[in-house]
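All figures in this text were calculated on a predicted structure; none of them were measured in a lab.
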Amino acid sequence: MTYRTSLTALALALAGLVAHPSAAGATANPGSSAGASSVQWKSCPAYSDEVIRGLGVAADKVAAFRSLMERLECGTVSVPLNHRDPGGRKIDIAVTRLAATDKANRLGAIAVLPGGPGNSGYLDPVLRGALRNEEMAGLNKRYDIIGFDPRGVGYSTKVACPMSPMGPQEPGALTKEAARKIYDAQVAANQRCGRSDPAFLGQLTTENVAKDLDLVRTALGERSLNLLGFSWGTYLGMVYRSVFPGHTGRAFLDSVAPPWTRIDQHAKDAAEAAERDFGRMAAWLARRDQSYGLGATARQVREEVAKLVRAYDKSPKTYTDLQRPIDGSAVADLARRNSTEWVRAGKALAELRTATGTTAPPTVKEMLGAPMMGTPVPGAPEPLNMTMNLAVACNEDSSRAAFDTAWRAYQQLVKRHPATGRAWGVPAMCPGWPLPVQQATLKPGSGSLVLAGHLHEFMSVYDWTLQTQRAIGGTIYTVADDVHVSTTRVPKCAADVVRYFETGRIGRGCEGSPIPS
């Protein structure tokens with residue numbers, strides 16, 4: 001899950017129209033409930049080359065993206081805002097479909113469940129599916145791939161709270177006095193947001209998204225949905241399977257969320273995993289001491305990075321070409337990068353040891369000057385809706401820690417995790433949230449379920465995969481890397497995913513993203 005706030009870094013988580021004559025209507029499901037909505041098909045958005053590249057599409061794949069967009073069907077499904085009041089206010093859920101290319105041997109439909117909460121899934125059939133690699137393109141041969149924007153996100157019905165700064169955040173070591181001011185500002189902002197439209201915000205829950213998805217299923221005429229979930233989408237998959245076991249086919253959930261929703265425990269577990277993974281990074285850097293100069297042993301690297309954290313907290317630096325000040329939290333942020341970034345993170349840490357002058361060292365600027373996750377590309381679909389992120393997280397968070405509790409937890413994070421702990425901030429996202437706690441009930445099921453846990457990552461801690469299996473069942477598929485939701489990006493792993501959906505069979509795991517040589 002990607003829970004973002006100024007108090008905690010628990011992760012951090014399109015101009016014209018093109019007609020699609022083939023999207024002229026879906027057959028109703030004979031088994032669907034009376035009055036179930038149909039899909040209102042319409043033209044899909046058209047995007048400029050600049051926007052397409054801004055979506056992360058390589059220049060040599062822009063033509064392929066456009067070709068897939070010619071096949072993509074786009075529409076909306078009307079659902080109740082409050083599922084307990086089906087005759088009341090309606091909202092729209094934006095839906096996309098990439099129809100199976102081998103219709104004679106079609107196996108069904110796979111719904112892609114996006115991360116967040118709050119991430120868009122509208123273009124996932126193209127970006128996470130057919131465009132990703134040959135293996136994932138093969139999944140579309142016998143399956144329709146379904147994407148959607150959850151309620152509160154992107155092209156679906158949404159609202160916006162003003163996301164104003166949460167208070168003074170001076171660079172350097174975080175003092176209790178400064179933390180209290182930030183906390184109090186967070187309380188005020190949460191109360192202001194939660195009271196702005198409680199009728200809508202109170203209905204932003206994972207269970208309601210699952211119920212929306214089931215109405216999408218009936219509108220598409222599918223007797224069941226297969227599920228491919230990522231990050232928070234794995235929790236959505238768990239909830240959908242618990243509420244609609246008879247409508248759930250095969251489910252592959254990548255980077256598994258825990259079977260509970262407590263932000264304080266989420267932060268504690270993730271911080272412990274981040275510091276463990278830094279041990280792997282430290283050993284890798286130590287073997288390359290001639291290049292990085294951070295220490296010849298893992299212990300020496302650990303001590304050097306912890307020393308850098310303390311030094312930059314004591315004397316933060318502000319560069320003329322970098323918006324973010326460099327203090328201990330910035331150093332710790334570099335130390336918790338996954339293995340795909342070890343080369344650059346090592347260079348940035350080495351640069352910070354000897355940095356002088358008024359402009360940022362090149363790798364530091366490259367890594368710490370990038371736009372925040374969720375920053376929209378003008379003309380592109382909204383990548384992450386922060387109001388939905390906040391509302392779902394806080395509607396489901398039973399911890400809502402008091403300041404003294406959160407401050408003690410932060411002090412423990414920094415003390416126990418000297419290299420990475422400073423990156424987290426005070427683990428309190430939802431104090432003052434005025435709406436009641438609403439938590440889904442997970443249930444074991446007998447249907448086919450694969451839980452893909454990544455052995456070393458911190459955004460979805462491997463132990464959460466084990467906890468989830470104990471709670472709801474399923475088969476564990478272990479990915480031996482530290483890279484969040486990497487399974488479908490690595491060809492050998494992606495081949496296993498496709499094979500699973502085609503046959504129902506899965507091995508024990510795969511290597512995942514390789515460590516840089």
Side-chain angles (χ1 to χ4, degrees), residues 1-5 8-13 55-56 93-94 96 110-129 132 136 145-156 158 204-210 212-213 227-240 251-259 261 263 266 270 273 338 340 372-376 380-393 396-397 429 440 450-454 457-462 464-465 468 479 481-489 497 512-513:
M1 294 186 191
T2 300
Y3 290 143
R4 175 265 183 202
T5 171
T8 178
L10 289 181
L12 274 195
L55 293 170
I93 304 301
T96 55
I110 296 172
V112 184
L113 312 181
N119 286 358
S120 170
Y122 193 76
L123 294 178
D124 277 354
V126 174
L127 297 176
R128 285 191 185 269
R132 176 149 283 182
M136 292 307 294
I145 310 299
I146 309 302
F148 73 109
D149 277 344
R151 57 171 57 202
V153 178
Y155 296 130
S156 294
K158 60 186 178 182
L204 293 180
T205 67
T206 305
E207 186 165 333
N208 279 338
V209 175
D212 295 343
L213 183 61
L227 309 175
L228 176 59
F230 301 94
S231 194
W232 172 76
T234 69
Y235 186 66
L236 174 59
M238 298 175 213
V239 174
Y240 183 89
F252 189 100
L253 307 181
D254 187 20
S255 283
V256 180
T261 51
I263 285 177
H266 192 285
N338 68 46
T340 65
M372 283 185 60
M373 179 182 178
T375 302
E382 176 183 57
L384 171 65
N385 185 282
M386 293 310 306
T387 298
M388 199 273 196
N389 177 270
L390 177 69
V392 173
E396 299 180 351
D397 174 31
M429 182 176 184
V450 176
L451 304 171
H454 297 249
E457 76 155 304
F458 72 81
M459 292 183 70
S460 290
V461 180
Y462 186 73
W464 296 345
T465 307
T468 295
V479 186
D481 68 6
D482 62 354
V483 183
H484 195 56
V485 299
S486 70
T487 307
T488 57
R489 294 198 295 265
V497 176
S513 296

To the nearest 0.5 Å, what is the distance between CG on L113 and CG on L228? 7.0 Å
Could you check K158 against V153 for side-chain contact (heavy atoms from CB on, under 4.5 Å), going step by step and ending with a plain yes or no? CA-CA 6 Å; K158 60 186 178 182; V153 178; over 6 Å; no
Quick one: do E457 and D481 satisfy side-chain contact (heavy atoms from CB on, under 4.5 Å)? Show the steps, please. CA-CA 7 Å; E457 76 155 304; D481 68 6; 5.8 Å; no
Give the C-alpha distance, both sets of side-chain angles, the deciding distance and a yes or no for side-chain contact (heavy atoms from CB on, under 4.5 Å) between M238 and T206. CA-CA 10 Å; M238 298 175 213; T206 305; over 6 Å; no
Considering all heavy atoms of both residues, which atom of G129 and which atom of M136 are nearest to each other, and what is their separation? O-CB, 3.2 Å
P114 side chain reached by F148 side chain, heavy atoms, under 4.5 Å: yes
Could you pull out all residues at least two apart from S120 that satisfy side chain to side chain donor-acceptor pair (under 3.5 Å)? D149
Nearest heavy atoms of V479 and G512, plus distance in Å: CG1-CA, 3.6 Å
Those residues at least two apart in sequence (or on a different chain) that pass salt bridge (Lys or Arg N to Asp or Glu O under 4.0 Å) with D397 are none
Non-neighbouring partners of F252 that pass ring-ring contact (aromatic ring centres under 6.0 Å, His included), sequence neighbours left out: Y477
Applying side-chain contact (heavy atoms from CB on, under 4.5 Å) to T340 and not counting sequence neighbours gives N338, V483, S513
Close side-chain approach of M459 and V485, heavy atoms under 4.5 Å: no
Are any non-hydrogen side-chain atoms of T234 and S460 less than 4.5 angstrom apart? no
Heavy atoms, side chains only, cut-off 4.5 Å: are V392 and W232 in contact? yes
Sequence neighbours excluded - salt bridge (charged side-chain N to carboxylate O under 4.0 Å, His left out) pairs with any residue from residues 115-126: D124-R128
Residues passing the ring-ring contact (aromatic ring centres under 6.0 Å, His included) test with Y240, sequence neighbours excluded, are F244
Please report the closest heavy-atom contact between Y235 and A257, naming both atoms and the distance. CB-CB, 4.0 Å
Classify the ring geometry between W464 and H266 as parallel (under 30°), tilted (30 to 60°) or perpendicular (over 60°). tilted
Given side chains that start at C-beta, do those of T465 and H454 come closer than 4.5 Å, heavy atoms only? no
Would you call T96 and V126 a side-chain contact if the rule is heavy atoms closer than 4.5 Å? no
For S156 and R151, work out which heavy atoms get closest and say how close. CB-CA, 4.4 Å
Hey, does F230 have a side-chain heavy atom less than 4.5 Å from the side chain of T487? no
Those residues at least two apart in sequence (or on a different chain) that pass side chain to side chain donor-acceptor pair (under 3.5 Å) with T387 are none
Sequence neighbours left out, what passes side chain to side chain donor-acceptor pair (under 3.5 Å) with N385? Give chain and number order. E382
Minimal non-hydrogen separation, A111 against L213, with atom names: CB-CD1, 4.3 Å
Sequence neighbours excluded, the answer for salt bridge (Lys or Arg N to Asp or Glu O under 4.0 Å) partners of D482 is R280
At what distance, to the nearest 0.5 angstrom, does CG of L204 lie from CG of L390? 10.0 Å
Distance-minimising heavy-atom pair for L384 and P117: CD1-O, 3.8 Å
Is any side-chain heavy atom of L253 closer than 4.5 Å to one of T468? no
Inter-residue atom distance E207.CD - L236.CG, 0.5 Å rounding: 11.0 Å
Contacts of R489 meeting side chain to side chain donor-acceptor pair (under 3.5 Å) (sequence neighbours excluded), chain-then-number -> none
